[in-house]
Amino acid sequence: MKRLNYAFLRVIAALIIGLVLVLFPNQASEYIVITIGIVFMVPSLIGLIGYFVRDAGKRGRFPLEGVGSFLLGLWLLIMPGFFAHLLTLALGFILLLAGIQQIVSLSVARHWVKIPMGFYVIPSLLLLAGIFTLVNPTGVRSTALIIIGIGALLYAATELLHWFLFIRHRPDPVSTAITTAKESGEVEDAQIIDE
């Protein structure tokens, strides 16, 4: 069940990021950086205020990591353009990893389901899009972000397709081990004895 939840969380995150990057490529990277900055600032600010509101005798150690988190968030808010370039590189790297992950996942799934070679096309395109973004990050950022957005949407769609066609047919390791043990004669069926 956890594997299902994580897979759908990855799909939802990829869909949201892909749609934002495709629909708003010029503003998306800076808005994502500003959002990350706010995410860093708000909890650290709450922690710092909580530290100073407590009685002096009940205060623990000074929340130095809260100050660092607040300063990083402030830096992200002040210089979103600089970090938007780094974000483009990070998203390109994530796209590269997504392509590799899908290729490996399909290769592993070949052990229990027949997978046509055509299913490797989109993961290969994701891999190439990630490489393109990493090789040419200083090109037109909006073009790179549109490519990353389309890649994220393709990743989400193929991840759902792979789950419906292949991954849900994965054999349960516990029942497979019990069946193998029964076939080899290591385990015998139990009988209930009435007293």
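Computed from a predicted structure; not experimentally measured.
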Do the rings of Trp75 and Phe83 sit parallel, tilted or perpendicular, given the 30° and 60° boundaries?
perpendicular

Between Tyr51 and Phe62, is the ring centroid distance below 6.0 Å?
yes

Taking Ile131 as the starting point, is it possible to reach Val121 by hopping between hydrophobic residues whose side chains are less than 4.5 Å apart?
no

Closest non-hydrogen atom pair between Ala109 and Ile115, with its separation:
CB-CD1, 3.5 Å

For a 4.5 angstrom cut-off between non-hydrogen side-chain atoms, does Leu21 reach Ile32?
yes

Output for pair (Glu65 CD, Phe70 CZ), nearest 0.5 Å, gives 15.0 Å

Using a 3.5 Å distance criterion without hydrogens, assess whether the side chain of Thr35 forms a donor-acceptor pair with backbone atoms of Tyr31.
yes

Is Thr158 reaching over with its side chain to a backbone N or O of Leu154, donor-acceptor style, under 3.5 angstrom?
yes

Nearest heavy-atom pair of Leu77 and Met41: which atoms, and what distance?
CD1-SD, 3.1 Å

State the CG-CD1 distance between Leu106 and Ile122, to the nearest 0.5 angstrom.
10.5 Å

Are side-chain heavy atoms of Ile34 and Leu76 found at a separation under 4.5 Å?
no

So the salt bridge (charged side-chain N to carboxylate O under 4.0 Å, His left out) pairs with at least one residue in residues 125-136 (sequence neighbours excluded) are none

Let me check something: do Leu74 and Phe82 share a hydrophobic cluster, defined by ILVMFWY side-chain heavy atoms less than 4.5 Å apart, either directly or through other members?
yes

Which value, rounded to the nearest 0.5 Å, describes the distance between Leu45 atom CG and Ile49 atom CD1?
4.0 Å

Could you tell me which non-hydrogen atom of Leu48 sits nearest to which non-hydrogen atom of Pro63, and how far apart they are?
CD2-CG, 3.7 Å

Of all heavy-atom pairs between Pro123 and Ile103, which one has the smallest distance, and what is that distance?
CB-CG1, 3.6 Å

Hydrophobic cluster membership, Ile17 vs Ile38, 4.5 Å side-chain cutoff:
yes

Just by distance, do the side chain of Ser44 and the backbone of Val67 share a donor-acceptor pair under 3.5 Å?
no

Quick one: pull up OG1 in Thr133 and CD1 in Ile148 and give me the separation to the nearest 0.5 Å.
4.0 Å

Check this for me: Tyr120, atom OH, are more than 12 non-hydrogen atoms of other residues, nucleotides or ligands nearer than 6.0 Å?
yes

Would Val42 end up clustered with Val33 when hydrophobic side chains under 4.5 Å apart are linked, directly or stepwise?
yes

Could you tell me if the side chain of Tyr155 sits less than 4.5 Å from the side chain of Gln101, heavy atoms only?
yes

Side-chain heavy atoms under 4.5 angstrom apart, residues restricted to Ile, Leu, Val, Met, Phe, Trp, Tyr: same cluster for Phe119 and Val104?
yes

Rounded at 0.5 Å granularity, tell me how far CD1 in Ile147 sits from CG in Leu126.
12.0 Å

For the CG atom of Leu91 and the CG atom of Leu134, what is their distance to the nearest 0.5 Å?
10.0 Å

Ile150 vs Val22 side-chain heavy atoms within contact, under 4.5 Å:
yes

